[in-house]
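Keep in mind that what you see is a predicted model, and the values were worked out from it rather than measured. Every number for a ligand or one of its atoms is a count from 1 in the order of the listing.
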Amino acid sequence: MSSLAPGRILRPGATIGILGGGQLGRMMVLAGIPMGFEFACLDPGGVASPCGQVAGHTVKAPFDDLDAAAELASSCDRITYEFENVSPDVVSRLVDGGLMPQGAELLATSRHRLREKQALQNAGFPVAPFARVVDEESLNAAIEQVGLPAVLKTATGGYDGKGQAVVHTEAEALQALEDLGPRELVLEGFIPFEKELSVVVARSIHGDVEAFPVAENEHVDGILRVSIAPARIPSSVAVTTVRTAERLAEALGVVGVVGVEFFLLPDGSIVINEIAPRPHNSGHYTMDGCTTDQFEQHLRAICGWPLGNPGMHTPVVMANLLGEEARRWGDEIDKIPAGLEVKTHLYGKAEARPGRKMGHINIVTEYVDQALEFLGDRGLRGAQR
Ligand SMILES: Nc1ncnc2c1ncn2[C@@H]1O[C@H](COP(=O)(O)OP(=O)(O)OP(=O)(O)O)[C@@H](O)[C@H]1O
Ligand SMILES: [Mg+2]
């Protein structure tokens, strides 16, 4: 187990800085204001960014601007991040300054798929077979090792299924190498999963660990569309998945929340796909389904408060609103059938680019099939737009 992060308990009245101005930061702020915290965020979009709109202070600057990070630090008692591509220089300076109990290591590991897989494998966790690819020679060796079909992914910078290609033949693999390269890549064995699952787990600066229930996730074109919580899986699988996430939080010395994505295989075993050391899209159901949500839990963890109860009080079906869907949802709000409890969470993004996450809805219901039908009827389950 890694050593615990330094840091005293942060009391109401303190200011928390957030690197990144996206929706995850926005929802941290919305959860943290009732706790008595003030917020400052750093984002190139400034006060127009989803988080900048709700934070009390904003520094408008690029993520690799060391002076801007220093300016943020000067007004903050603690700093966290809401996305993974902040510059390592900025992060290490803030960690050295004692402001970031999450440390630099997990971020550096999880933003690089090869290092991430290696770290998980070294710690004894199940991952898909993988190999490093930089050119045609290493691609052929990787195919030899991993087999086909496989998924060729960029080592860094990918998200929402971008920067990856499923390949079935050597010719397809070569084409994908041409399309994605020249850069460091990883070839992963294709996992014929039965379901995709995820767990958000929190570990506090005191070393306390609490995991949220397992969510079941549907992706379309690599983008998360729908999460169903609790996952419709045997309880033995749920227990193993949660325990694995808890062990991972300990083994990797997590501070704050981390989202752990899994593949469930037909034989009931699980494989870890990837981790994200921050609140996770598939954990948005906790906002309306759990006693404590993932954003409050993250703040509790990094501020040294007792972790909250992650237990669910109701099942939830979460659907992302992508691109134009958010505006269309706004037009439909008065047409939701009576008795269907739907919570709307919008991110305040101006430009509705196709596939862009503009918001999400949480359908709070015991009747999951009905909720899925409701989403299907509105085109919120299948193809994205
Ligand atoms: N090895 C694999 N076998 C089968 N399917 C895969 C594999 N890797 C990825 N996928 C599919 O592609 C989706 C996106 O992959 P991954 O999670 O690696 O990418 P990402 O771009 O980092 O996504 P995000 O950060 O949005 O979760 C997965 O959720 C899964 O549906
Ligand atoms: Mg993923």
Side-chain angles (χ1 to χ4, degrees), residues 20 22-24 81-85 106-107 109-118 120-121 125-133 142-143 145-168 172-173 176 179-180 183-200 214-228 231 241 245 248 257-266 269-284 294 318-320 322 355-358 360 381-384:
Q23 64 264 23
L24 300 178
Y81 49 83
E82 64 100 47
F83 90 137
E84 283 139 292
N85 288 322
L106 186 60
L107 188 63
T109 305
S110 65
R111 60 187 281 171
H112 192 281
R113 286 191 199 278
L114 271 168
R115 285 205 290 264
E116 176 182 60
K117 286 218 157 30
Q118 205 69 64
L120 291 170
Q121 198 171 58
F125 294 101
V127 293
F130 67 96
R132 181 171 183 264
V133 172
I143 292 173
Q145 189 186 329
V146 165
L148 288 170
V151 189
L152 191 63
K153 302 182 179 180
T154 58
T156 57
Y159 71 100
D160 286 349
K162 294 186 178 68
Q164 57 177 272
V166 179
V167 296
H168 302 88
E172 279 180 21
D179 296 343
L180 297 171
R183 57 187 295 182
E184 197 174 18
L185 303 164
V186 52
L187 189 76
E188 273 178 38
F190 184 87
I191 304 292
F193 58 79
E194 196 162 278
K195 279 187 175 175
E196 292 194 74
L197 307 175
S198 60
V199 172
V200 172
V214 184
E216 170 185 340
N217 305 316
E218 295 179 359
H219 292 82
V220 176
D221 297 338
I223 304 184
L224 182 67
R225 283 259 49 175
V226 169
S227 288
I228 301 159
T241 309
L248 184 149
V257 297
V258 58
V260 188
E261 299 177 11
F262 297 88
F263 297 127
L264 171 63
L265 299 178
S269 64
I270 51 170
V271 163
I272 297 181
N273 172 26
E274 60 169 357
I275 59 172
R278 50 164 174 75
H280 195 263
N281 193 168
S282 69
H284 292 353
Q294 62 168 346
M318 190 280 315
N320 276 330
L322 305 173
R356 190 175 194 208
K357 291 172 180 169
M358 305 296 288
H360 68 271
R381 199 179 170 199
Q384 36 125 342

* What protein heavy atom is closest to atom 7 (C) of ligand 1, reported as residue, atom name and distance in Å? -> Phe263 CZ, 3.5 Å
* **Distance from atom 28 (C) of ligand 1 to nearest protein heavy atom, with residue and atom** => Glu196 OE1, 3.3 Å
* What protein heavy atom is closest to atom 14 (C) of ligand 1, reported as residue, atom name and distance in Å? -> Gln164 NE2, 3.9 Å
* Asked: How is the N/O/S atom of Glu274 that comes nearest to the Mg ion (ligand 2) named?
  -> OE2
* For residues Ile228 and Glu218, determine if any side-chain heavy atom of one lies less than 4.5 Å from a side-chain heavy atom of the other. => yes
* Nearest-neighbour protein heavy atom for atom 17 (O) of ligand 1, which is reported as residue plus atom name and distance -> Glu274 OE2, 2.7 Å
* Check: Glu84 and Pro277 side chains under 4.5 Å, non-hydrogen atoms -> yes
* Is it the side chain (CB and beyond), the backbone, both or neither of Asn273 that lies under 4.0 Å from ligand 1, heavy atoms counted? -> side chain
* Asked: Do we see a donor-acceptor contact under 3.5 Å between the side chains of Asn217 and Glu196?
  -> no
* To do: Answer yes or no: is there a side-chain heavy-atom contact under 4.5 Å between His360 and Val226?
  => no
* Asked: Considering only heavy atoms from C-beta outward, does the side chain of Leu187 approach that of Gln145 to under 4.5 Å?
  -> no
* Any side-chain heavy-atom pair from Glu172 and Leu152 closer than 4.5 angstrom? -> no
* Asked: In the protein, which heavy atom is nearest to atom 13 (C) of ligand 1, and how far is it?
  -> Gly222 CA, 4.3 Å
* Using a 4.5 Å cut-off on heavy atoms from C-beta on, say whether the side chain of Phe130 contacts that of Leu114. => yes
* Per-atom contacts of ligand 1 with Arg113, taking only distances under 4.0 Å to non-hydrogen atoms -> 18 (O), 19 (O), 20 (P), 21 (O), 22 (O)
* Structure fact -> A student checking ligand 1 against Glu261 at a 4.0 Å heavy-atom cut-off should list atoms 17 (O), 27 (O)
* Which atoms of ligand 1 have any heavy atom of His219 under 4.0 Å away? -> 29 (O)
* Looking at atom 3 (N) of ligand 1, what's its closest protein heavy atom, distance included? -> Ile191 N, 2.8 Å
* Asked: Can you check whether Lys357's main-chain N or O pairs, donor with acceptor, with Asn320's side chain at less than 3.5 Å?
  -> no
* **Residues Lys195 and Glu216 bridged, charged N to O under 4.0 Å** => yes
* Check Asp160 against ligand 1 and report side chain, backbone, both or neither, counting heavy atoms closer than 4.0 Å. => both
* Asked: Considering only the protein, which heavy-atom contact is closest to atom 5 (N) of ligand 1, and what is its distance?
  -> Phe193 CE2, 3.5 Å
* To do: Report the residue from Glu184, Arg113, Arg183 that forms a side chain to side chain donor-acceptor pair (under 3.5 Å) with Thr156.
  => Arg183
* To do: Go through ligand 1 atom by atom and flag the ones less than 4.0 Å from a non-hydrogen atom of Phe190.
  => 3 (N), 4 (C), 5 (N)
* Asked: Does ligand 1 have any atom sitting under 4.0 Å from a heavy atom of Gly189?
  -> yes
* **Where ligand 1 meets Gly161 - atom numbers and elements under 4.0 angstrom, heavy-atom basis** => 20 (P), 21 (O), 23 (O)
* Test item: Glu261 and Glu274 side chains (from C-beta on) under 4.5 Å apart, heavy atoms -> yes
* Which single N/O/S atom of Glu261 lies at minimum distance from the Mg ion (ligand 2)? -> OE1
* Go through ligand 1 atom by atom and flag the ones less than 4.0 Å from a non-hydrogen atom of Val151. => 1 (N), 2 (C), 7 (C)
* Asked: Among all protein non-hydrogen atoms, which one is nearest to atom 9 (C) of ligand 1, and what is the separation to 0.1 Å?
  -> Lys153 NZ, 3.3 Å
* Would a distance-only check, ignoring hydrogens and angles, find a side-chain to backbone donor-acceptor pair under 3.5 Å from Ser269 to Leu265? -> no
